[in-house]
Amino acid sequence: MAYEPERDSNFIRTIIEKDLEEGKNGGRVHTRFPPEPNGYLHIGHAKAILLNYSIAQDYKGKFNLRFDDTNPIKEEQEFVDSIIDDLHWLGVDWEDRLFFTSDSFELKYEFARRLIKAGRAYVCDLSPEEIREYRGTLTEPGTESPYRNRSVDENLELFERMRQGEFPDGSRVLRAKIDMASGNLNMRDPVLYRILHAKHHRTGDKWCIYPMYDFDHPFTDALEGITHSLCSIEYSDHRPLYDWVVENALELMPEVIKCRSRQIEFARFNMTYTVMSKRKLRCLVEEGHVSGWDDPRMPTIAGLRRRGVTPAAIASFMEEVGVARAESTVDLAMFEHFIRQDLEDKALRMMAVLHPLKVVITNWPEEKIELVELENMPGDEGAGTRQVPFGRELYIEQEDFMEEPPKKFYRLAPGREVRLKGAYIIRCEEVIKDAEGNITELRCTYDPQSKSGQDTSGKKVRGVIHWVSARHAARITVRLYDKLFIKENPEDEGEGDFIDYLNPESLVVLEDVPAEPALAEAAPGSRFQFLRKGFFYLDPVAAREGRIVYNRIVSLKDSWAKMKK
RNA sequence: UGGGGCGUAGCCAAGCGGUAAGGCACGGGACUUUGGAUCCUGGAUUCGUAGGUUCGAAUCCUACCGCCCCAGCCA
């Protein structure tokens with residue numbers, strides 16, 4: 001039977017299915033996500049995580065979480081914790097297979113020794129600068145290190161002494177003996193181990209030599225039995241070295257190596273109106289352009305979570321984006337579409353008036369309050385209804401009134417009628433202004449025959465607007481988030497800095513927003529659709545401080561706004 | 001002027017010798033007590049370009065053009 005026929009095919013699945021057909025790896029599929037704990041995960045990582053995880057699931061395979069912690073200088077426990085949080089939130093499951101590459105440092109040390117014994121690795125005393133010079137250039141071959149032909153015994157002894165801490169950082173390295181003339185610079189006797197007298201977040205001071213990624217990663221994949229090692233395109237050049245390490249591991253460490261792991265590269269994820277590089281994201285945080293790694297404008301997993309985006313939205317988005325080798329930048333609008341699609345039938349409807357304009361219904365009795373019934377989810381009776389108080393004084397959205405309406409404006413205007421959602425049709429009778437000529441209030445009348453659901457007025461109004469009873473309104477804070485940058489590709493075509501393209505309106509905070517009373521009593525982390533405005537998330541972080549703050553996850557599509565352009 | 005990749009609609013992306021899937025965006029229409037949602041509907045004579053092979057090419061071959069990555073003791 002075909003695997004998950006509803007999933008789009010992609011070149012990686014094609015490769016895996018072929019491997020399966022050929023009986024490679026005993027029919028096993030085993031993937032992994034190998035983050036370095038040196039920063040926060042972003043949506044690009046989410047693509048890699050979901051890709052690895054979904055492949056493992058679809059082919060009845062396994063998925064590991066493995067921290068690539070080979071560089072103690074950059075790595076911290078804090079990041080291990082945040083990464084684990086993010087993966088849990090995304091909903092992937094590595095069962096009991098949480099690994100650290102540092103767990104197997106001892107095995108890798110032994111592997112290095114065997115490479116030395118096989119004459120395939122040597123200790124090199126060249127300085128970092130010299131190594132660079134000896135490496136040659138893109139167009140010229142390198143030259144062999146004078147230390148390249150040391151005896152096995154000398155190499156073994158020197159390597160042991162490196163481990164014992166006898167040499168300072170940078171004084172010596174262990175190198176693979178491959179080919180200084182290779183067109184691929186990665187094959188010009190790559191460094192396997194370097195001396196680093198640094199405390200490691202897991203192994204402490206046990207080691208002062210640490211393996212390089214190119215040595216560690218393939219070995220660890222093969223050790224864990226990873227059949228398909230997915231990584232991004234820039235590692236393509238490293239594949240020959242990856243294979244070299246795996247083949248040697250298979251030959252020299254057969255007692256522990258589980259399979260001939262295979263590296264497959266795919267294009268990394270980019271999206272318009274944001275940046276993805278760790279450096280730039282850190283800059284945004286450190287220079288205070290955002291409130292932190294979890295600022296809802298950040299493309300970090302933590303930021304998206306705080307914004308109110310759901311893991312399901314991210315997953316369906318990534319599934320539709322697909323996987324390929326071509327460099328690409330996905331349109332933010334596509335992401336927003338999947339966020340809306342996911343929330344459409346999950347988020348209950350509520351009303352809040354973001355930019356209030358007072359309306360007084362002059363023919364409504366002063367003290368009369370009526371409860372009107374509104375659907376929580378139009379089209380889904382199971383979601384029930386709620387009672388919302390309606391009275392003489394209300395708020396409507398400022399933009400739902402125009403003194404001199406253009407054609408096709410279906411909302412309120414002098415002498416015109418509009419329906420208040422779930423309640424009555426009102427007509428604007430008078431516009432009240434202050435001394436400066438600003439509209440401060442609308443005097444309207446309502447039609448008693450027009451009550452929603454039992455309308456006998458015979459009127460047909462085109463516009464339906466949302467409202468909140470002034471007397472009963474809860475007051476909430478609303479954070480309107482928008483794209484972080486005003487430029488599609490902030491890292492591009494700029495003589496200036498990407499910071500110059502920050503969107504000054506990426507966050508607009510609205511205080512004392514009148515809202516349906518229920519919005520003040522919702523559980524932190526709840527998501528709602530504010531009618532005609534967008535999807536909002538009750539920020540759990542603010543809630544802990546006793547504040548009611550709703551983050552706008554994404555706006556609704558607004559065809560009127562589009563028409564105005 | 002070394003090596004490795006990539007070029008299918010505005011943006012993603014299937015396709016793997018048999019006559020261009022799908023999604024987003026965009027346009028038109030229907031419906032609508034969210035100008036939301038939903039539902040129809042339109043768009044590549046053409047797959048970077050030019051040749052060639054073939055009854056037949058986005059798919060194979062050749063050449064060219066354009067873009068990306070690589071000279072960390074980072075991952």
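What you are looking at is a predicted structure, and each value in this text was computed from that prediction instead of being measured. Quick note: numbers below take in every heavy atom, side chains included, and nothing from hydrogens, waters or symmetry partners. Here is the naming used below: chain letters follow the sequence lines, and residue numbers restart at 1 for every chain.
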A.B. asks: Classify the side chain of A/Asn184 versus the base of B/G4 as yes if they form a donor-acceptor pair under 3.5 Å and no if they do not.
C.D. replies: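 Such a pair does not exist between side chain and base.
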A.B. asks: Answer with yes or no whether the side chains of A/Asp216 and A/Thr70 bring together a donor and an acceptor at under 3.5 Å.
C.D. replies: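 The answer is no; no qualifying pair exists.
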A.B. asks: If the cut-off is 4.0 Å, is A/Thr70 near the phosphate of B/A75, judged by side-chain N/O to OP1 or OP2?
C.D. replies: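 For B/A75, OP1/OP2 do have a side-chain N/O of A/Thr70 under 4.0 Å.
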A.B. asks: Please give the distance between the P atoms of B/G5 and B/G29 as a whole number of Å.
C.D. replies: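 The answer is 50 Å between these two P atoms.
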A.B. asks: If you restrict it to nitrogen or oxygen atoms, what contacts under 3.5 Å exist between nucleotides 32-34 of chain B and the protein, and what is each distance?
C.D. replies:
| unit_1 | atom_1 | unit_2 | atom_2 | d |
| --- | --- | --- | --- | --- |
| B/U33 | O2' | A/Lys421 | NZ | 2.5 |
| B/U33 | O2 | A/Gly422 | N | 3.1 |
| B/U33 | N3 | A/Arg419 | NE | 3.3 |
| B/U33 | N3 | A/Ser452 | OG | 2.3 |
| B/U33 | O4 | A/Arg419 | NH1 | 3.2 |
| B/U33 | O4 | A/Arg419 | NH2 | 3.4 |
| B/U33 | O4 | A/Ser452 | OG | 2.9 |
| B/U33 | O4 | A/Gly453 | N | 3.0 |
| B/U34 | O2 | A/Gln529 | OE1 | 2.9 |
| B/U34 | O2 | A/Arg532 | N | 2.8 |
| B/U34 | N3 | A/Gln529 | OE1 | 2.5 |
| B/U34 | O4 | A/Arg349 | NE | 3.4 |
| B/U34 | O4 | A/Arg349 | NH1 | 2.0 |

A.B. asks: Does the structure show a Watson-Crick or G-U wobble partner for B/G2, both distances under 3.5 Å? Name it, or say none.
C.D. replies: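 Looking at the geometry, B/G2 pairs with B/C70.
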A.B. asks: At a cut-off of 3.5 Å, list every protein nitrogen or oxygen paired with a nitrogen or oxygen from nucleotides 41-44 of chain B, distance to 0.1 Å.
C.D. replies:
none

A.B. asks: Using a heavy-atom cut-off of under 4.0 Å over every strand shown, decide if A/Met187 touches base, sugar-phosphate, or nothing.
C.D. replies: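 Here A/Met187 touches no strand at all.
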A.B. asks: Under 4.0 Å between a side-chain nitrogen and a carboxylate oxygen: does that hold for A/Arg32 and A/Glu224?
C.D. replies: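 Judged by the 4.0 Å cut-off on N to carboxylate O distance, A/Arg32 and A/Glu224 do not form a salt bridge.
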A.B. asks: At a cut-off of 3.5 Å, list every protein nitrogen or oxygen paired with a nitrogen or oxygen from nucleotides 25-30 of chain B, distance to 0.1 Å.
C.D. replies:
| unit_1 | atom_1 | unit_2 | atom_2 | d |
| --- | --- | --- | --- | --- |
| B/C26 | OP1 | A/Lys562 | NZ | 3.1 |

A.B. asks: Within 90° of 0 counts as syn, otherwise anti: where does B/G72 fall?
C.D. replies: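 Base orientation relative to the sugar is syn.
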A.B. asks: Choosing from B/A75, B/C12, B/C73, which nucleotide comes nearest the side chain of A/Asp68?
C.D. replies: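 For A/Asp68, the side-chain atoms sit closest to B/A75.
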A.B. asks: If the cut-off is 4.0 Å, is A/Arg325 near the phosphate of B/G4, judged by side-chain N/O to OP1 or OP2?
C.D. replies: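 So the side-chain polar atoms of A/Arg325 never come under 4.0 Å of the phosphate oxygens OP1 or OP2 of B/G4.
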A.B. asks: Check every strand shown and say whether A/Thr272 touches a base, only sugar-phosphate, or nothing at a heavy-atom separation below 4.0 Å.
C.D. replies: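 The residue A/Thr272 makes no contact with any strand.
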A.B. asks: In whole Å, I'd like the distance from the NE2 atom of A/His197 to the P atom of B/C73.
C.D. replies: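 Rounded to whole Å, this separation is 18 Å.
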A.B. asks: Would you mind pulling out the nucleotide paired to B/C64, Watson-Crick or G-U wobble, both distances under 3.5 Å?
C.D. replies: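 Looking at the geometry, B/C64 pairs with B/G48.
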A.B. asks: Please state whether the phosphate of B/A71, meaning OP1 or OP2, lies under 4.0 angstrom from any side-chain nitrogen or oxygen of A/Arg188.
C.D. replies: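 Answer no for this pair, as no side-chain N or O of A/Arg188 is under 4.0 Å from OP1 or OP2.
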